[in-house]
Structure formats: C-alpha cells, structure tokens
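All figures in this text were calculated on a predicted structure; none of them were measured in a lab. Chain A is the first sequence line, chain B the second, and so forth, proteins listed ahead of strands; every chain is numbered from 1.
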Protein chains: 2
Amino acid sequence: MLTDRQLLILQVIIDDFIESAHPVGSRAISKKDEISYSAATIRNVMADLEEMGYIEKTHSSSGRVPSQKGYRYYVDHVIAPTIKEGNLSIMKDLIRDEFIDFEKLVQKSAEVLSDLTNYTSIILGPELFETKVKQLQIVPISDYSAVAILVTDSGHVEHRSFTIPEDISPSDLEKLVNILNERLKGVSLARLPQVITTEVVSLMKVYVRDFEKSFNYLQSAFFQEQPVKLYIGGITNLLTQPEFNDINKVRSFYQMMENEDQVVNLLKTPQHGIRVSIGNENKLDEIKDFSLITASYQLGNEQKGTIALLGPTRMEYRKVITLLNSLSNEMTDALYLWYKNNG
Amino acid sequence: MLTDRQLLILQVIIDDFIESAHPVGSRAISKKDEISYSAATIRNVMADLEEMGYIEKTHSSSGRVPSQKGYRYYVDHVIAPTIKEGNLSIMKDLIRDEFIDFEKLVQKSAEVLSDLTNYTSIILGPELFETKVKQLQIVPISDYSAVAILVTDSGHVEHRSFTIPEDISPSDLEKLVNILNERLKGVSLARLPQVITTEVVSLMKVYVRDFEKSFNYLQSAFFQEQPVKLYIGGITNLLTQPEFNDINKVRSFYQMMENEDQVVNLLKTPQHGIRVSIGNENKLDEIKDFSLITASYQLGNEQKGTIALLGPTRMEYRKVITLLNSLSNEMTDALYLWYKNNG
DNA sequence: TGTTAGCACTCTCAAGTCTTGAGTGCTAAT
DNA sequence: ATTAGCACTCAAGACTTGAGAGTGCTAACA
C-alpha cells in the first residue's frame, strides 16, 4: 500500500510524463506547486517507489518514468474511483440530422473520437447474429446475372451479385424468391446457414438441379463472412506522438492495423464496461508499447459492439476513459431507441 | 539527341539506381558486362549527361543519380517503344470463381497489384453516372423507419435508411414506391436529381406534405455524394522503400492518402491509356518525390475508372507499365462481357 | 527522526574532430 | 578517341569531449 505522499508523487510523475514524454527528475517535481518537499526528499520517495516497481529509470542517472505497474495503479486507484457514469453529448451534434444512417453515425463517431483525443479510434459495428431477416430479394440485372439483397430488421443491408444458372427461367427465379422469403423471414442471421441447408436447399432442387451450387455460393458470400464492420479513425494521429519516432515501429504498427481480423480479435471481449489494457497486457506484441481502452455498447439485449482508443502507454487516461464511457452510453441509448422503434 | 553510347550509359545508371537506390559511380558502371569502356571514359560521358540535365550529383564527389528529366527520357524513349498491348492474365485466377462480385474483383485486383510490385496500388471504381436505375425499393423496417435500396443496371447497389414522416401510412408508402419505380426506371444516375425535382417531387406532394423534406434527404444521400469508390492496396509497402526513412515523409504521405477526395482528384484524368507522372509532374506537393502511373479502363463506352500505382520516382517503370497496361485491358474486357450481358 | 543541503558520480546528448572510402575532374600518355 | 594516374572533395561512421540533468549518499539540522 502506498502512503499519501508516495501516491502524490507517483501521480505527479505520471501526469508530468503523460504531458512531456520525458523522464521526470526530482528537482522538477519539487518545483511543482502541489509539492512542498525538497528535491532530496523526493529522491528518497522515488527510490522507494522504484523499489516497489511503480516507476523506473531509463538509465542509471536519468529521471524516472512510470512503469506498467505504475500506470496500472494510477488507473485503478486514482482514475477509476473518480469516473462517474456520464453523458457528454458527444453524439448530439452528429444526430442533428434525423435521417442519418447508423453506419454513418458510427463512422462519424470514430472520427470525432480521434479528433478529440489525438489517438487512434477503433469502433466495432454491432454484431448482427441476432438480427432477423426482414426481406430477401433477387433483382435480375440481365439474363445472366442478378443481385441478391438481404435486409435485416435492424435496417442492415447486404448484397451480392451472382450469375444465374443457365437452366433457370425468370419465372422460376421469381418462385424461388417467394419461397426463400417465406421460409427465411424472421430467421436470425446466426441460424440462417443451418435453416438454408436443412429446409431450403431440398426445396430448391425441385426447380433446378444446378441451383444448389449457386446457392452455396450465395450462402457463403452472405453468411460465412466476417459480419463485423470495423471503423478506424485517425491512424495518422499516432504519427505525431514522439514514441513513434522509430520508423520500424511505424511499419509494424501499420502492418498490424492492415490486418482487420487481428484488430477485430484484439477488441473482442466478453467483458462489460470499460477495460484498460496497458502495454504488455495487450494480446498483440505489436502494441506492447501501447495502451488500449475499450468500452462496449449494446444493441437490444444481446448484440454488442466495441469502441476503443489506441494510444501510447503514456496516455491521457482520465480524459480518454471519461470520453469512452460517455460515448458508449450514448451509443447504447441511441441504439435502444432505434431498436425499440423496430420492435 | 543522345548518342548510342550516352543512351546506353544513361540506361545503365537508371537501371542500377532503380535497383540499389544508391548513387552510381563510374567504376561500378565500367564493371558491368554490357559496358566495355574504362571508368575514365564513362566519367566523360557522365559529365556530358549531367550537362544535358539527365543525371545529377547528390554532392560534388558523389556518384550520379537520374534526374527527373532522365527518367522522363528513359520512359519515353526506352520503355514506351517496347511496350506492347498485352494480357498477362492477372485477373484469370481471380475470376476462377464465376460468382465473384465486381467490387470484390476490383478490391482483389488492387491487392494483387500491390503484392506484385511492392508499391501502393489505387483503383478508382467505374463512374456510375451513366448507369441506369433498375429498381428503387423501400423496405419498411418499423413504423418509424425504412431502408431505401437502389439497384442499377450495372448491378450496383446503394442503400440508405431513413425515418418515415409521421403522416404517411404504409399504403401510401407502397404507392410512392410504385410511382418512383415507374418514373425513375431507366433514368441514368446523372439525370436522377433533375428528374426527381422536376417530375417526382410535385407528385409526392399529393400524398404527403412533409415528404419533400425526407425526399430531399434521400436524394442528397444517394446522388450528391461522391459516387466514386476508391480501393487502395498495400500502403505499407511503401514503408519498406528506403526513401521512406524520413518520418516526416511518412506523416505527410499518410495524411495525404487519408483524404479520399484528394486522391480521387489526383487520379482523374481525361487522358486515355497509360500516363506517367514523374516527381514534380504530379499535381500534389506531397508526392513530388513519387511517380504515379495511371491507366484507365472502360465500362461500355462512356464510364471509366482508373487504376494506378504509386511508388518512388526510382520505380521499376518497365514492370509497372507492362502490368498496368495488361490489367487495364483485362478489366475493360471483363467489364465489356459484363456490360454486354446486361444490354 | 524526518528533512534538507552538498557533493561526487553517472549517463545522455550534441558538437567537434578524424579517418576512411567512394567518387570526381583533369592531364598526360597511348 | 581512350585510358591510366593523381590530386582533390565529400559523406559517413568512429571516437572524443564537455555540458547538463539527474542520482545516491552522507552529514547536518529542526
């Protein structure tokens, strides 16, 4: 357990380092308004803090830098108790236009978030497994091709074009669509592949032998694909952070961000509410010098998405956590309204 | 005009520099198999080439580096005459799956192109102004919201969700959709806004007073937006190029690429066929150290898109130009088939 | 006994100096 | 016309040096 004085000094060190990115020395600390001890005294305290692992030196005679454990303590004991559920009306301006699309909204939110913080924001769109088919439609484009359009009860639209097998006539196609609609309406996306294989495919065969093949394609195109949309805002923001001076870091970071699956995986968490991953606590080696703050939002009861901010470990935790907390609440609220309307 | 010997040496210098990124010295040149002169002789030739502006020194006693004028000459007089219309079957593997989507195809092409070259590829989707409305549909999601879906005769799908004005009933909505379909079918996207305002809006008013407002939104959402899709592949590739060692270059480059409008603008060209922009010839300052090779492809007669590769001025022009040339032919062919099917 | 001043010590960072190697330009010989 | 030879230039890396920031320890002080 830390004494009041130790905690105070730890706090000062972290705050200063977050701002300056430079190791903090005893003299600098003693000059702060909130500090009334001499540099020598500070040094003693710092030695203690270092022994306990909360701060460390970059070399034998350098100032101190917060360690991962230090940040952890700071976040858990200093920041967390002061965060209150809040609502900063971040989205209010975005929703001014009542016709705005949900996808657009999320996209915009990501941009705003990154602008506000100067970090990189990542938003995972809501999972769609539990949404249900509202309408499935096939629009013929020519004799050879058509577009299949799927609309869910959440207003989400998926579409794919495909070629029409030769031995199927326009009237057959129409019948097929009717059957599909009848059978699939109200089925959740999660159950869709199963329903199709067990119930629908056999029916299809009545109309056309080769349709099975086409249908398999459609099925895979629609439903076996990663259905999670990823929105990223302000990747270039991180380039302005001093820890990004090493070109190799930039390389590996961008290479990581290019791999969507990896990013999605990084954000997915069963956990509720705010989660803070500092440095090595992150799953991926590429961001072991970063901190990732994630917050989940909910759509209805089950489906949820995640919003996150990625920045250097030397991150403005208070600001970021407050912001994410508010935004996730606001998104949950917005989605609740949306969902209620649909139900 | 350059003598044979001068041209030979210019060529050797450029080829060597393209490979190594280091200034080329007279001794290194004289050791090449294709060169039978001594270093001293080479030096005389190099002095001439420098005087003519085709090569330059980085400092008074360095080897020579091709100048922009040098690259230009090389591309115009060495590469261009040897390029023959070709078809490398780049897309063949991609189209193996006959059900593939056009958008997917373009996306994949961008990836392949960047993998093949280690530069950044940029593809502008085909302009849709000349495609015609195939079907416009409104799917009600709840009492308060609906999704509007527009399908064009090229198989392109656009969709937006919107809220339904309170004083409109489901049956009204159905009537509206019928009217819209009837009036708008076959209208090109370019003419759509005009047709809507002159013919349709007045009709709308019969059904509901406030619908004008909603409709304006839909119209703007669909048709006043940048309708060009941009596909970018392998931005990180450039990070491995030695000219990207300066972190500030990376910054400004990424910031430029983040601005889609700017990139689209950069690629748009009335010109047909292959275009090579070297260094300062580029419109944007941010890429004055780069070369941009663009090739256009056509859809039917009018609409066209652009594929491009962005790399350092020290670029493998021969390879890149051959590749782009082939791919643009293949894309035109593929689109021709597609389009023919639709007509 | 907790706090502080003082001092020797350590390490980084930037500036300055040296050395090496690659490359040039010029001249004189072939 | 071509080439060998030589003096000269410059960049880049290695090494040195000094200043500055910071530490730890000790002894004195309230």
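If you take CD1 on Ile42(B) and CG on Leu49(B), they are separated by 10.0 Å, rounding to the nearest 0.5 Å. Remark: Asn259(B) CG to Leu284(B) CG distance equals 9.0 Å, nearest 0.5 Å. The distance from the OG atom of Ser296(A) to the CG atom of Leu324(A) is 10.5 Å, given to the nearest 0.5 Å.
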Scoring nucleotides 11-20 of chain D by protein non-hydrogen atoms under 4.0 Å (B base, S sugar-phosphate only, - none) yields S---------
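Near DNA chain C, meaning a heavy atom under 4.0 Å from it, residues 8-23 of chain B has no residue at all.
Using a 4.0 Å cut-off between a side-chain N of Lys or Arg and a carboxylate O of Asp or Glu, Lys249(A) and Glu243(A) do not qualify as a salt bridge. Contact check on Arg72(B) versus Glu281(B) returns a salt bridge, with a Lys/Arg side-chain nitrogen under 4.0 Å from an Asp/Glu carboxylate oxygen. Salt-bridge annotation for Glu50(A) and Arg64(A): present, with a side-chain N of the basic residue lying under 4.0 Å from a carboxylate O of the acidic one.
Between Glu316(A) and the options Ile18(A), Asn118(A), Asp15(A), a side chain to side chain contact (heavy atoms under 4.5 Å, CB included) holds for only Ile18(A).
Proximity of Arg27(B) to the phosphate of dT3(D): no side-chain N or O atom is located under 4.0 Å from OP1 or OP2.
Position along DNA chain C of the nearest nucleotide to Ala40(B) versus Gly63(B) favours Gly63(B) as the more 5'-ward residue. Comparing Arg5(B) and Ala28(A) by the nucleotide of DNA chain D that holds the closest heavy atom to each, the one mapping nearer the 5' end is Arg5(B).
Nucleotide dT26(D) holds its C1' atom 12 Å from the CZ atom of Arg43(A), rounded to whole Å. Put simply, CD1 on Ile29(A) is 10 Å from P on dG22(D), counting in whole angstrom units. The distance from atom CE of Met46(A) to atom P of dG22(D) is 9 Å, rounded to the nearest whole Å. Between the OH atom of Tyr37(B) and the P atom of dT3(D) there is a distance of 8 Å, rounded to whole Å. One interatomic measurement links the two molecules: CG of Asn44(B) to C1' of dT2(D), which rounds to 9 Å at whole-angstrom precision.
The nucleotide range of DNA chain C contacted by chain A, defined by atoms under 4.0 angstrom from heavy atoms of the protein and reported 5' to 3', is dT3(C) to dT12(C).
Nearest heavy-atom pair, Arg314(A) versus Phe17(A), reported as atom, atom and distance to 0.1 Å: CD-O, 3.0 Å. Between Ser67(B) and Gly53(B), the shortest heavy-atom distance links the atoms OG-O, 2.6 Å.
Under the 6.0 Å cut-off for aromatic ring centres, Tyr74(A) and Tyr54(A) do not qualify, their centroids lying 6.0 Å or more apart. Aromatic rings from Phe244(B) and Phe253(B) are positioned such that their centres are separated by under 6.0 Å.
Nucleic acid contact for Thr41(B): base, since at least one base atom lies under 4.0 Å from a heavy atom of the residue.
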